[in-house]
Chemist: 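Questions regarding the structure given below will be posed in turn.
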Amino acid sequence: KAAYAEVEGRIGLSAQDNKSSANTLVELVDDDGNVVQSTRTTAQGNYRFKNVDQGKYRVRVKKEGWKTQEAEVDAKRDAAPAAASISL
């Protein structure tokens, strides 16, 4: 575990839309635009990427009917998971 970093966060949807953030596609993208890992959010909108090489990334969130959102993160080994929480 010490050789790798982690990235985690939570996806939130505006309350007025009355839709769930569950099963939202989340991608971890490197500086070259390559998708390094992808996952889906939990029922609560949480996600986590494990075994991530140290470095700078973008977290990209895609959900049908919503504009794609991105947030930058700096993943570091031997540190708390880098956090990127996004509201759609």
Side-chain angles (χ1 to χ4, degrees):
K1 181 176 178 178
Y4 294 99
E6 292 185 4
V7 175
E8 68 180 11
R10 185 166 195 272
I11 306 307
L13 300 179
S14 61
Q16 68 199 32
D17 293 309
N18 214 16
K19 292 186 180 179
S20 172
S21 57
N23 204 35
T24 299
L25 177 63
V26 184
E27 298 174 329
L28 189 64
V29 182
D30 67 14
D31 282 338
D32 294 325
N34 300 311
V35 176
V36 177
Q37 291 186 41
S38 64
T39 191
R40 297 271 179 179
T41 57
T42 65
Q44 296 78 29
N46 299 313
Y47 71 89
R48 179 178 290 228
F49 296 109
K50 297 181 179 183
N51 301 323
V52 175
D53 288 329
Q54 181 169 299
K56 295 185 185 284
Y57 296 91
R58 289 186 320 273
V59 173
R60 180 185 301 152
V61 178
K62 295 180 177 182
K63 185 161 183 80
E64 187 175 334
W66 300 88
K67 182 180 175 186
T68 299
Q69 298 283 334
E70 292 186 354
E72 293 184 2
V73 293
D74 190 6
K76 296 183 180 182
R77 281 181 254 154
D78 297 323
S85 296
I86 299 173
S87 294
L88 298 177

Chemist: I need the Lys62 NZ to Glu70 CD distance, nearest 0.5 Å.
Modeler: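 Rounded to the nearest 0.5 Å, the NZ-CD separation comes to 9.0 Å.
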Chemist: Can you sort out the partners of Arg10 under side-chain hydrogen bond (donor to acceptor under 3.5 Å, both in side chains), two or more places apart, ordered by chain and number?
Modeler: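 Here no residue qualifies.
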Chemist: Evaluate Leu25 against Arg60 for side-chain contact (heavy atoms from CB on, under 4.5 Å), listing each step before the verdict.
Modeler: CA-CA 8 Å; Leu25 177 63; Arg60 180 185 301 152; over 6 Å; no
Chemist: So that I can tick it off, tell me whether Glu6 and Arg48 are bridged by a salt bridge, with the cut-off set at under 4.0 angstrom between side-chain N and carboxylate O.
Modeler: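 Counted as a salt bridge, because a side-chain N and a carboxylate O are separated by less than 4.0 Å.
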Chemist: Evaluate the side-chain proximity of Val61 to Thr68: yes if any heavy-atom separation is below 4.5 Å, no if none is.
Modeler: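 Contact flag for Thr68/Val61 side chains = no.
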Chemist: Could you tell me whether Glu72 and Arg58 have a side-chain N and a carboxylate O separated by less than 4.0 Å?
Modeler: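 Salt bridge between Glu72 and Arg58, a charged N being under 4.0 Å from a carboxylate O: no.
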Chemist: Could you grab the distance from atom CG of Asp31 to atom NZ of Lys56, nearest 0.5 Å is fine?
Modeler: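 Reported value, rounded in 0.5 Å steps: 8.5 Å.
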Chemist: Where is the tightest heavy-atom contact between Gly45 and Ser21, given as atom of each residue plus distance?
Modeler: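 Looking at all heavy atoms of both residues, the shortest contact is CA-OG, 3.3 Å.
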Chemist: Step by step, work out the side-chain contact (heavy atoms from CB on, under 4.5 Å) result for Thr41 and Val26.
Modeler: CA-CA 7 Å; Thr41 57; Val26 184; 3.7 Å; yes
Chemist: Minimum heavy-atom separation for Ala75 to Ala82, with atom names?
Modeler: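 Minimum heavy-atom contact is CA-CB, 4.0 Å.
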Chemist: To the nearest 0.5 Å, what is the distance between CZ (Arg77) and OH (Tyr4)?
Modeler: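 So the CZ of Arg77 and the OH of Tyr4 are separated by 9.0 Å.
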Chemist: Run the side-chain contact (heavy atoms from CB on, under 4.5 Å) test on Glu27 and Gln37 for me, step by step, so that the C-alpha distance in whole Å, both residues' side-chain angles and the decisive distance to 0.1 Å come before the verdict.
Modeler: CA-CA 6 Å; Glu27 298 174 329; Gln37 291 186 41; over 6 Å; no
Chemist: Can you list everything that forms a side-chain hydrogen bond (donor to acceptor under 3.5 Å, both in side chains) with Thr42? Sequence neighbours excluded, please.
Modeler: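 Only Gln44 meet the side-chain hydrogen bond (donor to acceptor under 3.5 Å, both in side chains) criterion with Thr42.
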Chemist: Identify the heavy atoms of Leu28 and Val59 that sit nearest to each other, and give their distance.
Modeler: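 For Leu28 and Val59, the tightest heavy-atom pair comes out as CD1-CG2, 4.1 Å.
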Chemist: So how far is it from Asp78 CG to Gln54 CD, rounded to the nearest 0.5 Å?
Modeler: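 The distance works out to 8.5 Å.
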Chemist: Dump the intermediate steps for side-chain contact (heavy atoms from CB on, under 4.5 Å) on Tyr57 and Val73, then the final yes or no.
Modeler: CA-CA 5 Å; Tyr57 296 91; Val73 293; 3.9 Å; yes
Chemist: Consider only side-chain heavy atoms of I, L, V, M, F, W and Y, link residues closer than 4.5 Å, and tell whether Trp66 and Ile11 are in one cluster.
Modeler: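 Shared cluster, yes.
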Chemist: Find out if a path of hydrophobic residues (ILVMFWY) with successive side-chain heavy-atom gaps under 4.5 Å connects Tyr47 to Val36.
Modeler: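 Yes, one cluster joins them.
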Chemist: Nearest heavy-atom pair of Ala84 and Ala71: which atoms, and what distance?
Modeler: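 Smallest heavy-atom distance, with atoms named: CB-CB, 4.2 Å.
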